[in-house]
Amino acid sequence: MVNSEFAFNQNSFALPQGQAEDPDKPYPWIISPVVDFIFVYGGAFWLLFVLHVVCFGWNAADLENLRFHANPLLDQGVAQWFVLMTMATPILISNTHTWATYMRIYGSSEDRERFKFYGRYLIYMPLVLFTSALLYPPLQGMVIYLHMGWVFQHYSSQTYGVALIYCYKRQYFMNGKEKKIFKLTLDAISAFVITRLLCIREEMPYDMWGVPLPFAGLPRPIHYAAVAFLVVMAVLLAITILRKYFRDKQMIPAPCLTMVLGVALLGTIPGYGGLIAWMWAPPFLHGAQYCLISLAYYLKERGLPEGMNSSQIASAILTRPAVKWLLWALIGGNFIYIVIPHIMSDFGWSFMAIVSVVQACVNFHHFLTDAAIWKLRDDKTRRLLIA
């Protein structure tokens, strides 16, 4: 595993001295207003999704559909742009964010000891599961099927955690009941997606890149109950937000709304709309978000230069330690998701099938580990993420 305990030379920042921050008013952004909008709370996702629908309608992102039918050169340029984005975003963002988890649990001697269960023992789970899936092919479909539901729960859980960061940063404090309603609303979106995969045959593909997928075939009323639960929680959340606005004169931070609505759209929109959403959400509503929050934590944990405050962290992500961190994450993530499947394909395995199986096996460890390392109840984690 990569050891992310790099030398952190404060002189390498060469930034102007900052003003002392008001301890009663945390910096309201994770990186900066522009960076947060584009990469953290869904700006790029929403812009690309709306632009796609406006330009090409509710059509799948096939090359035949990505045409304005006005100028052949324009159509060719648009098609090439989509192909480039489809190839680049997984390599630069989605693959990279998984490795950021390992850089956290192996990043310092303190973290290696603190998360030793995940870094010393549970780390073998992906290897054992992947090897078992190769030896017993039906297991490949099982792990992909399980991953299809679990990955959405992972998305919604991350959305809840990041939304809380923005709430604390903006001093929008929810009481226990309000926080529970907020969390249950995101859980309800996950329940909608998961029960749809378990109960509705029409919503489940029969195979994934040639790997046959199982189907649980649970009774449809289970999904209908999840639909009702989602409607109830959405209404309760809206009432809670409005009640707090009229009672406390506080509106929930806009970043929270854009993220929650983005996850809701991703989970519930039908047909080709869902395909369009899934094209842009994993990199821009999850992967980039995770990378930047992890990087901000890494920089703050090792200490920003003297006199530098949190509002200058946008400059810090362009410095040598930050770039080195990003390069390690890029190399590590793509070793897992590109190099290993390419090696396997040389021995006759389907490249995309192996990518799907590797992704599922590795992500199971990623999901479990993330649930442990990003708890806002932990004093250090909360201090570094909210400062």
Side-chain angles (χ1 to χ4, degrees), residues 3-10 12-13 15 17-33 35-36 39-41 97 100-119 157-176 178-179 182-183 250 252-253 255-256 259 288-319 321-322 325-326 329 369-387:
N3 186 333
S4 62
E5 192 174 10
F6 310 129
F8 196 85
N9 181 2
Q10 292 188 352
S12 67
F13 279 88
L15 296 175
Q17 298 298 297
Q19 299 293 323
E21 292 181 332
D22 184 349
D24 296 326
K25 293 183 178 180
Y27 180 56
W29 307 102
I30 291 171
I31 302 296
S32 73
V35 173
D36 281 28
F39 295 111
V40 179
Y41 62 88
H97 98 279
T101 295
Y102 300 129
M103 296 175 72
R104 171 76 192 280
I105 63 175
Y106 296 108
S108 66
S109 56
E110 176 189 349
D111 288 336
R112 287 192 290 273
E113 180 61 29
R114 184 180 177 191
F115 303 117
K116 64 180 180 181
F117 171 74
Y118 301 93
S157 293
Q158 180 171 306
T159 298
Y160 175 69
V162 178
L164 286 186
I165 293 174
Y166 278 111
C167 286
Y168 291 141
K169 281 177 167 289
R170 309 298 175 86
Q171 298 182 305
Y172 182 88
F173 300 114
M174 292 181 282
N175 60 35
E178 293 166 342
K179 194 181 295 184
F182 189 31
K183 179 66 167 64
Q250 283 187 303
I252 188 170
C256 301
M259 288 187 293
Q289 179 186 90
Y290 190 96
C291 286
L292 287 172
I293 292 174
S294 299
L295 178 56
Y297 183 96
Y298 168 79
L299 294 173
K300 292 178 181 179
E301 184 179 36
R302 279 143 186 80
L304 297 175
E306 183 179 355
M308 178 182 176
N309 57 43
S310 296
S311 63
Q312 294 173 300
I313 196 167
S315 299
I317 65 172
L318 300 176
T319 57
W325 186 95
L326 288 169
T369 304
D370 276 358
I373 66 178
W374 295 114
K375 292 183 180 295
L376 286 176
R377 290 191 300 269
D378 177 72
D379 290 338
K380 178 182 177 182
T381 302
R382 183 173 62 252
R383 173 173 53 82
L384 292 176
L385 290 179
I386 297 172

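Values in this document were obtained by computation on a predicted structure and should not be read as measured data.
The two residues R114 and T381 make their nearest non-hydrogen contact at NH2-OG1, 4.2 Å. Nearest heavy atom pair, residue W325 against residue C291, reads CH2-O, 3.7 Å. The minimum heavy-atom distance between I373 and R104, with the atom names listed, is O-NH1, 2.9 Å. Nearest heavy atom pair, residue S32 against residue Y27, reads CA-OH, 3.5 Å. Scanning all heavy atoms of the two residues, the minimum distance from P253 to R170 falls at CG-CG, 3.8 Å.
Between the OG1 atom in T369 and the CZ atom in F117 there is a gap of 8.5 Å [rounded to 0.5 Å]. For the atom pair CG (D111) and CD1 (I105), the distance works out to 9.0 Å, reported to the nearest 0.5 Å. Rounded to the nearest 0.5 angstrom, C167 SG and K179 NZ are separated by 9.0 Å. Summarising the geometry, atom CG belonging to D378 is positioned 9.5 Å from atom CG belonging to L385; distances are rounded to the nearest 0.5 Å. Within the model, atoms CD1 of I317 and CD1 of I30 stand 11.5 Å from one another, a figure rounded to the nearest 0.5 Å. A distance of 8.5 Å separates CZ in F115 from CD in E110, rounded to the nearest 0.5 Å.
Listed by chain and residue number, Q153 satisfy the side-chain hydrogen bond (donor to acceptor under 3.5 Å, both in side chains) test with S157 (two or more places apart in sequence, or in another chain). Shown here are the side-chain hydrogen bond (donor to acceptor under 3.5 Å, both in side chains) partners of T159, two or more places apart in sequence or in another chain: there are none. A search for salt bridge (charged side-chain N to carboxylate O under 4.0 Å, His left out) contacts involving R383 returns nothing, not counting sequence neighbours. With sequence neighbours excluded, the residues that form a side-chain hydrogen bond (donor to acceptor under 3.5 Å, both in side chains) with D370 are T101, Y290, H366. Not counting sequence neighbours, the partners of Y166 by the side-chain hydrogen bond (donor to acceptor under 3.5 Å, both in side chains) test are D36. Residues that satisfy the side-chain contact (heavy atoms from CB on, under 4.5 Å) test with K375, not counting sequence neighbours, are R377. Scanning for ring-ring contact (aromatic ring centres under 6.0 Å, His included) contacts around Y172 gives an empty result, with sequence neighbours left out. Partners of Y297 according to the ring-ring contact (aromatic ring centres under 6.0 Å, His included) rule, which considers only residues two or more places apart in sequence or in another chain, are W374. With sequence neighbours left out, the salt bridge (charged side-chain N to carboxylate O under 4.0 Å, His left out) criterion links E178 to K244, R247. Remark: L326 pairs with L295 by the side-chain contact (heavy atoms from CB on, under 4.5 Å) rule, at least two apart or across chains.
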* Apply side chain to side chain contact (heavy atoms under 4.5 Å, CB included) to the pair C256 and Y160, showing each step before the final yes or no. => CA-CA 8 Å; C256 301; Y160 175 69; over 6 Å; no

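For the pair Y298/M103, no side-chain contact is recorded, criterion being any heavy-atom separation below 4.5 Å from C-beta on. Counting heavy atoms from C-beta outward, Q289 and H97 have side chains that stay 4.5 Å or more apart.
Side chain of R382 to main chain of L376: a donor-acceptor pair is present (N/O by atom type, distance under 3.5 Å, no hydrogens or angles). One N or O on the side chain of Y106 and one on the backbone of G119 form a donor-acceptor pair closer than 3.5 Å. Of the possible polar contacts, one joining the K300 side chain to the L384 backbone as a donor-acceptor pair under 3.5 Å is found. With Q250 contributing its side chain and Q171 its backbone, the two residues share a donor-acceptor pair below 3.5 Å. Formation of a donor-acceptor pair under 3.5 Å by the K169 side chain with backbone atoms of W29 is found in this model.
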